[in-house]
Amino acid sequence: MSLFGIHPTVLLMRLPAMIIALTVHEVSHGYIAMKLGDPTARNFGRLTLNPLKHIDPIGAISMLLFGFGWAKPVPINTRYFKKPRRDMALSALAGPVSNFLLAFVGLFLFHLSYFLFGLNPINSGYLFNVQDVWINMLAVFVMLNISLGLFNLIPVPPLDGSRIFLTFLPPKYYFGIMKYERYIMLGLFALLWIGMLDRPLVWISEGILGIMNRVITLIPIF
């Protein structure tokens with residue numbers, strides 16, 4: 001039995017990966033903003049790894065079922081920044097970077113586990129075996145973090161990529177685009193729903209995974 005074509009085992013494996021990925025993503029935004037002078041996230045209690053402070057129920061369900069979702073945005077007040085546009089871009093970039101770092105750590109543990117257990121995770125399947133489950137959970141963790149980091153770099157509002165890309169536009173164009181943030185996001189979700197972005201996102205995700213794999217295989221034991 002499956003839900004929306006997804007095996008229940010995969011859903012169970014996505015759950016902890018999703019909680020960690022979204023929580024660290026949002027905390028990273030707030031932490032970098034604080035380092036750049038904005039205490040807003042800290043004042044609102046968002047610099048915590050308690051997922052209840054960050055998880056948006058609808059966004060979490062969407063990520064579990066469809067592979068893309070969102071958390072509660074960390075509040076940032078650009079008036080505290082010395083260079084608002086630059087510092088906003090850096091704060092926005094912190095989220096996707098944190099996911100790529102998590103993916104790299106997960107991939108390292110994946111290779112280490114494969115080396116220690118002597119298993120082939122491609123052929124082992126989702127078996128009720130501690131080693132198999134662990135190695136497949138790592139695989140899910142890696143791909144979910146890569147997907148989340150990449151998705152948030154798409155340069156359309158309100159994703160992090162827009163905060164980075166639009167920084168290079170003159171203020172009148174920036175605020176002109178941001179007025180239509182809600183409609184642009186609905187359009188993006190429509191494209192995701194009908195699958196028009198699947199191929200490019202998968203292609204880029206596999207490219208990022210390939211680069212990470214090459215880096216890790218430079219470690220002598222691998």
Side-chain angles (χ1 to χ4, degrees), residues 2-29 31 49 51 54-55 59-71 92-154 159-161 192 195 197-222:
S2 62
L3 183 63
F4 293 94
I6 304 173
H7 196 280
T9 305
V10 177
L11 290 175
L12 289 174
M13 290 182 177
R14 275 186 185 176
L15 184 59
M18 176 207 68
I19 291 173
I20 295 171
L22 290 177
T23 299
V24 172
H25 182 104
E26 294 303 325
V27 171
S28 298
H29 285 317
Y31 178 77
L49 292 176
H54 306 287
I55 299 299
I61 292 172
S62 175
M63 176 163 282
L64 277 176
L65 298 180
F66 308 116
F68 61 90
W70 59 91
L93 183 61
V97 168
S98 73
N99 291 124
F100 292 136
L101 290 175
L102 284 174
F104 187 83
V105 171
L107 190 60
F108 173 82
L109 293 174
F110 178 91
H111 280 274
L112 182 62
S113 299
Y114 179 35
F115 174 78
L116 294 175
F117 298 155
L119 297 174
N120 187 338
I122 295 175
N123 295 327
S124 61
Y126 295 104
L127 304 178
F128 291 99
N129 173 294
V130 173
Q131 294 174 343
D132 284 338
V133 170
W134 166 249
I135 225 167
N136 281 290
M137 283 185 69
L138 287 173
V140 171
F141 181 82
V142 169
M143 291 313 301
L144 187 144
N145 271 285
I146 290 177
S147 297
L148 181 62
L150 178 60
F151 176 69
N152 273 279
L153 285 178
I154 297 175
L159 299 179
D160 298 328
L192 288 167
L197 297 180
D198 289 355
R199 183 170 294 181
L201 289 176
V202 169
W203 183 77
I204 297 172
S205 294
E206 290 177 348
I208 294 171
L209 178 63
I211 293 171
M212 290 183 179
N213 264 317
R214 283 195 287 273
V215 172
I216 286 178
T217 52
L218 294 175
I219 301 172
I221 65 170
F222 302 137

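As the structure is a prediction and not an experimental result, all values here were calculated from the model.
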Nearest 0.5 angstrom please: I55 CD1 to T23 OG1, how far? 4.5 Å
Without swapping roles, check the side chain of N99 against the backbone of S147 for a donor-acceptor pair under 3.5 Å. no
Mind listing the closest non-hydrogen atom pair of F141 and G106 along with its distance? CD2-CA, 4.0 Å
Residues forming a side chain to side chain contact (heavy atoms under 4.5 Å, CB included) with F108, sequence neighbours excluded: L112, I216, I219, F222
Any heavy-atom pair between the side chains of L49 and I20 that's under 4.5 Å? no
Run the side chain to side chain contact (heavy atoms under 4.5 Å, CB included) test against S28 and tell me which residues pass, sequence neighbours left out. V24, A94, S98
For P96 versus H29, what's the shortest heavy-atom pair and its separation? CD-CE1, 4.3 Å
Can you see whether H111 engages N213 through a side-chain donor-acceptor pair at a distance of less than 3.5 angstrom? yes
So, taking the atom named CG in L144 and the one named CZ in F151, what distance separates them when rounded to the nearest 0.5 Å? 12.0 Å
Output for pair (I204 CD1, L209 CG), nearest 0.5 Å, gives 13.5 Å
Rounding to 0.5 Å, atoms CE (M63) and CD1 (I19) come to a distance of 11.5 Å
Hey, what do you get for CE (M212) to CG (L101), rounding to the nearest 0.5 Å? 7.5 Å
Can you tell if the side chain of F100 reaches within under 4.5 Å of the side chain of N145, non-hydrogen atoms only? no
How long is the straight-line distance from CG of L148 back to CG of L22, given to the nearest 0.5 Å? 5.5 Å
Taking the side chain as C-beta and beyond, is there a heavy-atom pair between H25 and L102 under 4.5 Å? no
I146 versus E206: any side-chain heavy-atom pair under 4.5 Å? no
